[in-house]
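A short worksheet on the structure shown next.
Just so you know, ligand 1 is whichever comes first in the structure, and atom 1 is the first atom listed for that ligand.
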Amino acid sequence: MPTILVVNCGSSSIKFALFPSTDSRQVADQALCEGTASRLQESGQGHLQIRYAGQRHEQALTTDGHAGALQAIVQQLDQWQLLKEVVAVGHRVVHGGDRFRQPTAIDSAVLDQIERFSDYAPLHNPVNLDGIRIARQLLPSLPQAAIFDTAFHGTLPAVAYHYAVPAQWHTQWGVRRYGFHGTSHQFIAESIPKLIGIESNNVRAVSAHLGNGCSLCAIKGRLSVDTSMGFTPLEGLVMGSRSGDLDPGLHEYLADKLQIDIHELTKRLNREAGLKGVSGIGNDMRELLQAADTGHNGARLAVDLFCYRLAKSIASYLVPLGRIDTIAFTGGIGENAAPIRAQVIELLQGLGFRLDAEKNAARSSEPRNIAADGAPAVLVIPTREEWMIARQTLQLFFPPSPCMP
Ligand code: ADP
């Protein structure tokens with residue numbers, strides 16, 4: 001059965017999944033095989049975990065870094081006779097600037113362009129590029145696609161994507177808001193009409209992707225019309241270890257007080273701020289909720305600040321949407337942290353939102369509506385970024401034929 005291999009390279013991990021295609025050139029719902037190679041930056045600590053045929057396989061990685069990990073993945077797939085079925089590879093790429101609005105077949109010109117956008121996303125694009133280059137070496141006969149996190153936000157109107165800075169900074173240097181988590185928000189946008197039984201064109205929803213990185217997307221019809229991340233994934237909401245919005249006037253003051261340069265400050269705002277910085281104990285929402293419950297003041301403040309800023313930002317999307325009919329939660333926190341959903345929706349009562357406490361507390365991996373009867377929909381939708389990448393890759397290289405029913 002032809003399959004699509006999805007590769008998602010992060011700074012210290014590689015997630016991958018293998019999705020079969022169906023007869024009608026769709027991607028099957030379930031991955032045939034999926035896994036994660038982790039701790040790739042720690043010498044001798046690399047670890048590979050794969051789920052295949054109902055079993056979990058674990059192995060230590062003998063070679064450091066991304067190249068060794070991808071090689072081990074490919075070897076394992078080959079041993080299980082899965083490699084010969086792969087017909088294309090889809091890669092997640094974080095930043096496509098204003099050049100890439102669609103899934104794109106990778107060639108050397110595309111690689112050069114993605115490299116150019118590394119300037120915009122120095123933490124992400126170089127590592128995505130590494131993954132692509134290694135995969136092209138290991139699997140030279142397969143077509144490979146880049147699926148961009150920024151692409152879904154290509155429909156933002158000018159008022160949503162401009163910063164109030166000199167126009168030349170935009171034209172000359174690409175300074176504008178791009179937005180991220182696009183593949184996840186697009187999946188949510190496609191899921192909402194089916195879940196609540198409305199026409200896609202009538203959707204006026206806010207999608208809240210809350211993982212370690214957190215972002216909102218205002219969805220009008222099928223399109224993104226505003227989003228909370230900007231030129232980089234540092235803008236917007238309070239996140240695991242990222243500050244989100246700040247007064248830009250703080251940079252000079254902090255660089256001076258901390259005696260650090262602007263590069264180091266940016267690094268600290270990415271890695272030492274957010275829930276981690278405010279709580280003083282870490283960025284794991286499970287631990288923070290427990291600590292807040294047992295009276296830890298830092299954890300309580302971090303959770304309260306997270307919810308307050310989130311609710312305030314959701315409410316602001318009344319402006320691009322005109323009305324908000326649906327809020328959809330996704331990502332590790334959005335899908336699992338019932339107390340966070342409860343606190344955010346409580347703050348949004350003014351817009352008519354109310355939860356059914358029992359539905360909110362029930363654990364499930366199914367998409368569901370947890371709103372109180374008669375109140376606007378509040379959805380929990382497990383995101384499926386790898387599946388989306390597989391589908392987009394399949395459609396790029398093997399478009400459904402026009403005569404197919
Ligand atoms: P990433 O952005 O790295 O993909 P995830 O989407 O996996 O991250 O989300 C990670 C976050 O989800 C962490 O803050 C984690 O604590 C939180 N999380 C996962 N499960 C739960 C849970 N049951 N309750 C509260 N938070 C959870």
Got an N/O contact under 3.5 Å between G331 and ligand 1? no

G332, A338, A337, S184: member with heavy atom nearest to atom 9 (O) of ligand 1: G332

Using the side-chain hydrogen bond (donor to acceptor under 3.5 Å, both in side chains) rule, take H181 and T227 through it: C-alpha gap first, then chi angles, then the decisive distance, then the call. CA-CA 10 Å; H181 288 146; T227 192; over 6 Å; no

Residue and atom name of the nearest protein heavy atom (relative to [atom]), distance in Å to one decimal:
atom	answer
atom 14 (O) of ligand 1	M285 N, 3.2 Å
atom 4 (O) of ligand 1	K15 NZ, 4.0 Å
atom 20 (N) of ligand 1	N336 ND2, 3.5 Å
atom 3 (O) of ligand 1	N212 ND2, 2.9 Å
atom 16 (O) of ligand 1	D284 OD1, 2.6 Å
atom 17 (C) of ligand 1	I333 CG1, 3.6 Å
atom 24 (N) of ligand 1	R286 CG, 3.4 Å

Short question: side chain of T330, backbone of T383 - any donor-acceptor pair under 3.5 Å? yes

Is there a donor-acceptor pair under 3.5 Å between the side chain of S21 and the backbone N or O of Q26? no

So T183 and D149, do their side chains get closer than 4.5 Å, heavy atoms only? yes

Using a 4.5 Å cut-off on heavy atoms from C-beta on, say whether the side chain of T104 contacts that of F148. yes

List ligand 1 atoms under 4.0 Å from G213, heavy atoms only on the residue side. 2 (O)

Short version for N283: what comes under 4.0 Å of ligand 1, heavy atoms counted, is backbone

Centre-to-centre under 6.0 Å for H95 and Y120, is that the case here? yes

With a cut-off of 3.5 Å and sequence neighbours excluded, list every side-chain donor-acceptor pair involving residues 159-170.
unit_1: Y163; atom_1: OH; unit_2: F231; atom_2: N; d: 2.9
unit_1: Y163; atom_1: OH; unit_2: E235; atom_2: OE1; d: 2.5
unit_1: Q168; atom_1: NE2; unit_2: Q172; atom_2: OE1; d: 2.5

